[in-house]
Novice: 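Structure in structure tokens, see below.
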There are 2 protein chains.
Amino acid sequence: MEYKQPEAAGEQPTPRHLRSAGQQMRSQLLDSAVPLFRARGLAAVSVSEIAKAAGAFPNQITYYFGSKDAMFVEAACREMLHVAQQAERRAGRARSLKGYKDALIQEVMGGDTLAFFIEALALGQRQPSLAPQIARTVDRLHREGARAFEQAMTSRRWRTIDSAATVAQRFWALVIGVALRSAAMGASTTDSINEVRALLNLGVVARSAPSNPLQLIKKA
Amino acid sequence: MEYKQPEAAGEQPTPRHLRSAGQQMRSQLLDSAVPLFRARGLAAVSVSEIAKAAGAFPNQITYYFGSKDAMFVEAACREMLHVAQQAERRAGRARSLKGYKDALIQEVMGGDTLAFFIEALALGQRQPSLAPQIARTVDRLHREGARAFEQAMTSRRWRTIDSAATVAQRFWALVIGVALRSAAMGASTTDSINEVRALLNLGVVARSAPSNPLQLIKKA
């Protein structure tokens with residue numbers, strides 16, 4: 001997935017050849033950090049470990065990301081966007097509405113990326129400097145989710161009660177709410193997935209005008 | 001609100017007069033801790049500060065709660081249950097469906113208790129020993145929410161598409177998801193409230209059989 005790196009505020013534009021070398025190093029550092037963060041969480045991973053795994057120096061992490069926390073948030077955002085894109089692609093191939101919904105939920109909630117992203121959200125809640133990165137990511141999750149949903153509905157001639165934007169926003173809020181709360185209760189990923197399946201209503205209706213519309217509402 | 005204190009696992013039953021003295025001390029410690037936790041969060045408040053505010057000794061906190069983290073979770077759970085009960089009472093007095101929904105959202109999201117509870121959830125996610133307390137609280141929020149919703153619907157002769165249990169569970173998941181994500185993005189409480197208003201659909205339908213049911217679905 002293409003992940004465009006935002007420029008730091010107030011930074012001078014970098015010449016193209018330097019920028020791409022810098023972007024490559026950023027990517028390399030993120031790639032090395034992700035498995036460490038996933039396995040042990042933010043607190044148990046040190047900057048020097050990440051640097052060592054990437055074949056870099058610790059001060060390069062400060063240079064490129066500002067702090068370990070900011071790096072953690074950027075890594076989690078990148079991974080979440082990637083998983084969302086995979087989920088949209090997988091769901092896009094489903095034939096039935098049930099298949100569509102199940103694929104979406106399974107892909108987004110099945111791995112450990114969502115927990116990683118939720119830890120980043122919790123971090124952002126305490127550190128306002130991390131908010132812009134999270135806001136950009138959430139906007140993109142909503143926007144791209146709405147676009148994919150719209151496309152899936154149009155191509156199948158399904159009609160929805162709410163706008164695609166509302167459906168996408170509601171999907172992400174529900175998924176984040178259930179995942180955080182289930183994990184805090186000690187519930188399994190399977191429990192969370194089943195719960196979201198039961199709670200999520202995409203509000204899809206048959207396109208052609210039925211004689212008794214209520215009977216044709218597909219609950220999904 | 002009556003808050004029944006669960007017995008610690010494997011503990012011998014305590015004689016009644018001792019138990020109530022102990023419960024009184026627990027309550028007193030929690031009452032002193034809540035404003036400190038609310039104002040400054042978990043990390044910035046020390047055990048000795050809480051003890052001092054309660055006129056107690058630091059080791060009494062360890063004795064009654066096990067740890068500062070466990071005390072934080074218990075305080076947040078108690079406050080959340082209290083706010084939920086207030087919200088149900090306030091919403092119960094509303095005449096219209098819109099009034100009902102608005103009161104519920106405003107009461108639950110308007111203060112700082114939800115953020116307090118979400119911090120407890122994030123803590124529970126990392127510390128499995130805190131999960132049982134959180135699980136009991138969530139079960140109670142769902143159960144009491146469902147009961148209050150059921151009652152509100154029955155007394156007004158409103159009919160719902162989903163069960164009261166589903167509606168209550170969905171309400172809490174959505175509220176938690178939006179609140180965590182909005183705070184992480186640097187959005188205001190008003191933004192979160194407006195978002196939940198737009199996303200939450202209680203699925204209430206008129207009770208009497210209409211000629212064209214779709215037109216009578218009240219979106220709320």
Side-chain angles (χ1 to χ4, degrees), chain A residues 41-43 73 115 117-139 141 161-162 165-167 169-187 192 195-196 198-201 203 205 210 212-217 219, chain B residues 41-43 73 115 117-139 141 161-162 165-167 169-187 192 195-196 198-201 203 205 210 212-217 219:
Chain A
L42 174 66
V73 167
F117 185 59
I118 287 175
E119 195 174 346
L121 293 178
L123 203 62
Q125 204 174 14
R126 292 190 296 274
Q127 289 182 49
S129 65
L130 304 173
Q133 168 88 49
I134 293 170
R136 278 194 301 274
T137 304
V138 168
D139 282 346
L141 288 173
I161 297 172
D162 297 306
T166 297
V167 173
Q169 235 171 302
R170 194 187 280 142
F171 170 81
W172 282 105
L174 201 63
V175 156
I176 289 168
V178 169
L180 170 65
R181 201 251 293 129
S182 294
M185 289 170 69
S192 314
E195 197 181 331
V196 171
L199 298 182
L200 181 67
N201 188 332
V205 196
N212 182 350
L214 262 189
Q215 290 179 351
L216 281 159
I217 290 178
K219 281 188 49 183
Chain B
L42 175 66
V73 167
F117 185 59
I118 287 175
E119 194 173 346
L121 293 178
L123 203 62
Q125 205 174 14
R126 292 190 297 273
Q127 290 183 49
S129 66
L130 304 173
Q133 168 89 50
I134 293 170
R136 276 193 302 274
T137 304
V138 168
D139 282 346
L141 288 172
I161 296 172
D162 297 306
T166 298
V167 173
Q169 236 171 302
R170 195 187 279 141
F171 170 81
W172 281 105
L174 201 63
V175 155
I176 291 168
V178 169
L180 169 64
R181 200 251 293 129
S182 294
M185 290 170 69
S192 314
E195 197 182 330
V196 171
L199 297 182
L200 181 67
N201 188 332
V205 196
N212 182 349
L214 263 189
Q215 291 179 350
L216 281 159
I217 289 179
K219 281 189 52 185

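On a predicted model such as this, the values are computed, not experimentally measured, just so you know. Chain naming here is simple, since letters A, B, ... match the order of the sequence lines and numbering starts at 1 in each.
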Novice: What's the separation between atom OG in A:S182 and atom CG in B:L121, rounded to the nearest 0.5 Å?
Specialist: 10.0 Å

Novice: Against chain A, label B:Q127 side chain, backbone, both or neither, depending on which of its atoms sit under 4.5 Å from a heavy atom there.
Specialist: neither

Novice: Nearest 0.5 Å, please: how far is CG in B:D162 from CG in A:L199?
Specialist: 9.0 Å

Novice: Looking at CG of B:L174 and CG of A:L174, how far apart are the two atoms once the value is rounded to the nearest 0.5 Å?
Specialist: 6.5 Å

Novice: Heavy atoms, side chains only, cut-off 4.5 Å: are A:M185 and B:D139 in contact?
Specialist: yes

Novice: Below 4.5 Å, heavy-atom pairs only: which of B:I176, B:V196, B:L180 has the largest tally toward chain A?
Specialist: B:L180

Novice: Please name the pair of heavy atoms, one in B:A131 and one in A:G186, separated by the smallest distance, quoted to 0.1 Å.
Specialist: CB-N, 3.9 Å

Novice: State the CZ-CG distance between B:R170 and A:L200, to the nearest 0.5 angstrom.
Specialist: 8.0 Å

Novice: Measure the shortest side-chain to side-chain distance between A:V178 and B:Q169 over non-hydrogen atoms and say whether it is less than 4.5 angstrom.
Specialist: no

Novice: Is B:V138 close to chain A through its backbone or its side chain, or both, or neither, when contacts mean heavy atoms under 4.5 Å?
Specialist: side chain

Novice: Would you give the length of the straight line joining atom CZ of B:R181 to atom OG1 of A:T137, rounded to the nearest 0.5 angstrom?
Specialist: 12.0 Å

